[in-house]
Number of protein chains: 2
Amino acid sequence: MPADPMPADPVAAEPMTAEPAPRPLTRIQKRNIDAILEAALEVFSAQGFRGATLDQIATAAGLSKPNLLYYFPSKEAIHLELLNSLLDDWLAPLREMRATGEPRDEIMRYMRRKLEMSRAMPRESRLFANEILQGAPRMAGTLAVDLKALVDDKAAIIRGWAAAGKIAPVDPHHLLFSIWALTQHYADFDVQVRAVLGPGHDPFAEAEPFLDTLFERLLRP
Amino acid sequence: MPADPMPADPVAAEPMTAEPAPRPLTRIQKRNIDAILEAALEVFSAQGFRGATLDQIATAAGLSKPNLLYYFPSKEAIHLELLNSLLDDWLAPLREMRATGEPRDEIMRYMRRKLEMSRAMPRESRLFANEILQGAPRMAGTLAVDLKALVDDKAAIIRGWAAAGKIAPVDPHHLLFSIWALTQHYADFDVQVRAVLGPGHDPFAEAEPFLDTLFERLLRP
DNA sequence: CCTGATGCTGACCGTTCGGTCAAACGACCC
DNA sequence: GGGTCGTTTGACCGAACGGTCAGCATCAGG
């Protein structure tokens, strides 16, 4: 009988307080866990949490359902792991906004990076949109603490820029909301945008100059 | 045996081609059908289609599940009836945009009405948001035909205003997208907005002057 | 007060879903 | 080639869900 009664949760035992044995991941573990998270992102983002089934995720990952549950203890755990591991990437562009940069450049760069993320990562956008739409039952805490802290921090920077006359005096929080709303709209409501535009359009390519103009005019002192 | 084998579908037999008997609704029918649609709006908008259960809707409507299914043939039918009966109200503000009005006034009025609808009808907004997010499986046709026709019509008007120099030259479709995105964001992502702002804020009250400024600056020739 | 149509319900059904388990498989090392 | 540990699976389970049905309750009109 081994000292450590595996197979208890190959994931998640990683960035915690001093654990007895971090136990590095097997090649097979890494491959399968990655496949599961990729498949789960595909299914959860398209169907929502309740709409997705373990069989769909297992099939998309090329595994059987029991095998999937060998790597994750529950459907909920997969969803949570997805949300937590993707949140950092999702907020990275905002984190990179620097008080020392040129104000208009910093904001415009942030907006463009967010639009690019909506284009390149629509599934992640829809995953979060689904979660927030349902009232953020699994993220309310994170939003009210971590996200709020980050946003308040950047809002203070923006407020400083406005006070110094570098940009027009706008409400910093709602400026950020408007960037989120406008960029994520093209990912979350993609089918509606394409239905309205009709064939032969590239929504993101058209959105870029439009949003450039919009925010240029809004921010010009 | 009566000529008309009721109780076949108290709803829906109304604005069709010449039917044998429109059969007016009983007081009880009207009351219960209204209660069901109200309850279904509450539940579907909060949980999505798959996340909602007939028991939840029945309980919220103060009925038993079989009784609910006496008035509607299926869960799908309730959802469809909701979407169709609410779509008109949802698009009404856009329909009222007049080519004969003052361009800036017309657009600003539309934006304000949309924001007001997000404030007063957040459940409807989330119902549609859920549907679009999942790829609009039940509305793709309507979007590509009816909505596209309406939008193209209004886009032509806006394009005319821009060509006449009444407003700044902006892409009309993306102008409408930006109005949708910015106003519906406050309904659909309400929990996130409130989590970030913290207590003691009225998101919609703050959004109004911000969006006023934003669109004033965007549209000024 | 009778009667037929409308309104309502408890019990039930088949399916789907999240999750479990004992057993088998397979790769690697002695 | 035998033991071991990580990996995989078929079969199964209980709960939840959408939906059905036979029969009872209620109501309006004569």
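Note that the structure is predicted; figures quoted are calculated from it, not measured. Letters go in sequence order (proteins before strands), and every chain restarts at 1.
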Phosphate OP1/OP2 of D:dT7 contacted by A:Gln29 side-chain N/O (<4.0 Å): yes

Whole angstroms only, please: what is the CZ-C1' distance between A:Phe72 and C:dG18? 16 Å

Just jot down the side-chain contact (heavy atoms from CB on, under 4.5 Å) partners of A:Met139, sequence neighbours excluded, or say none. A:Leu83, A:Leu87, A:Phe128, A:Glu131, A:Ala136, A:Leu143

Taking only nitrogen or oxygen atoms into account, show me every contact under 3.5 Å that the protein makes with nucleotides 13-20 of chain D, one pair per line with its distance.
residue	atom	partner	partner atom	Å
D:dG18	OP1	B:Ala52	O	3.3
D:dG18	OP1	B:Lys75	NZ	2.8
D:dG18	OP2	B:Leu54	N	2.9
D:dG18	N7	B:Lys65	NZ	3.1
D:dG19	OP2	B:Lys75	N	2.8
D:dG19	O6	B:Lys65	NZ	3.4

Is the shortest side-chain N/O distance from B:Asn67 to OP1 or OP2 of C:dT9 below 4.0 Å? yes

In whole angstrom, what separates A:Leu63's CG from C:dG19's P? 16 Å

Phosphate oxygens OP1/OP2 of D:dT7: is one of them under 4.0 Å from a side-chain N or O of A:Tyr70? yes

Terminal helix-axis angle for the helix from C:dC1-D:dG30 to C:dC30-D:dG1, with five pairs defining each axis and rounding to 10 degrees: 0°

Please work out if A:Arg31 contacts a base, only the sugar-phosphate, or nothing of the nucleic acid, heavy-atom cut-off 4.0 Å. nothing

Spacing between B:Ile36 atom CD1 and C:dC8 atom C1', to the nearest angstrom: 12 Å

I need the CZ-P distance between B:Arg27 and C:dG7, as an integer number of Å. 11 Å

Whole-Å distance separating the CG atom of A:Leu68 from the P atom of C:dG19: 10 Å

Would you call B:Met121 and B:Glu116 a side-chain contact if the rule is heavy atoms closer than 4.5 Å? no

Applying side-chain contact (heavy atoms from CB on, under 4.5 Å) to B:Asp202 and not counting sequence neighbours gives B:Phe204, B:Ala205

Does D:dT8 have OP1 or OP2 sitting under 4.0 Å from an N or O in the side chain of A:Tyr71? yes

Hits for salt bridge (Lys or Arg N to Asp or Glu O under 4.0 Å) against A:Asp89, two or more places apart or cross-chain, chain-then-number order -> none

Output the rounded distance in Å from CD1 (A:Ile57) to P (C:dT16). 18 Å

Taking the six-membered ring for Trp, is the centroid-to-centroid distance between A:His173 and B:Phe210 below 6.0 Å? no

Are B:Ser64 and C:dT9 close enough that a side-chain N or O sits under 4.0 Å from OP1 or OP2? yes

When the distance from CD1 of B:Ile28 to P of D:dT26 is rounded to whole Å, what number comes out? 11 Å

Could you tell me if A:Gln134 and B:Asn130 have a donor-acceptor pair between their side chains, going purely by distance under 3.5 Å? yes

When you check the gap from the basic side-chain N to the acidic O, do B:Glu76 and B:Arg138 get nearer than 4.0 Å? yes

Do the side chains of B:Arg113 and B:Glu96 get close enough for a salt bridge, i.e. N-O under 4.0 angstrom? yes

Provide, to the nearest angstrom, the distance between the NZ atom belonging to B:Lys30 and the C1' atom belonging to C:dT6. 18 Å

Listed by chain and number, what are the salt bridge (Lys or Arg N to Asp or Glu O under 4.0 Å) partners of B:Arg95, not counting sequence neighbours? B:Asp88

Check whether any side-chain nitrogen or oxygen of B:Thr26 sits under 4.0 Å from OP1 or OP2 of C:dG7, and answer yes or no. yes

Salt bridge or not for A:Glu106 and A:Arg98, using N-O below 4.0 Å? no

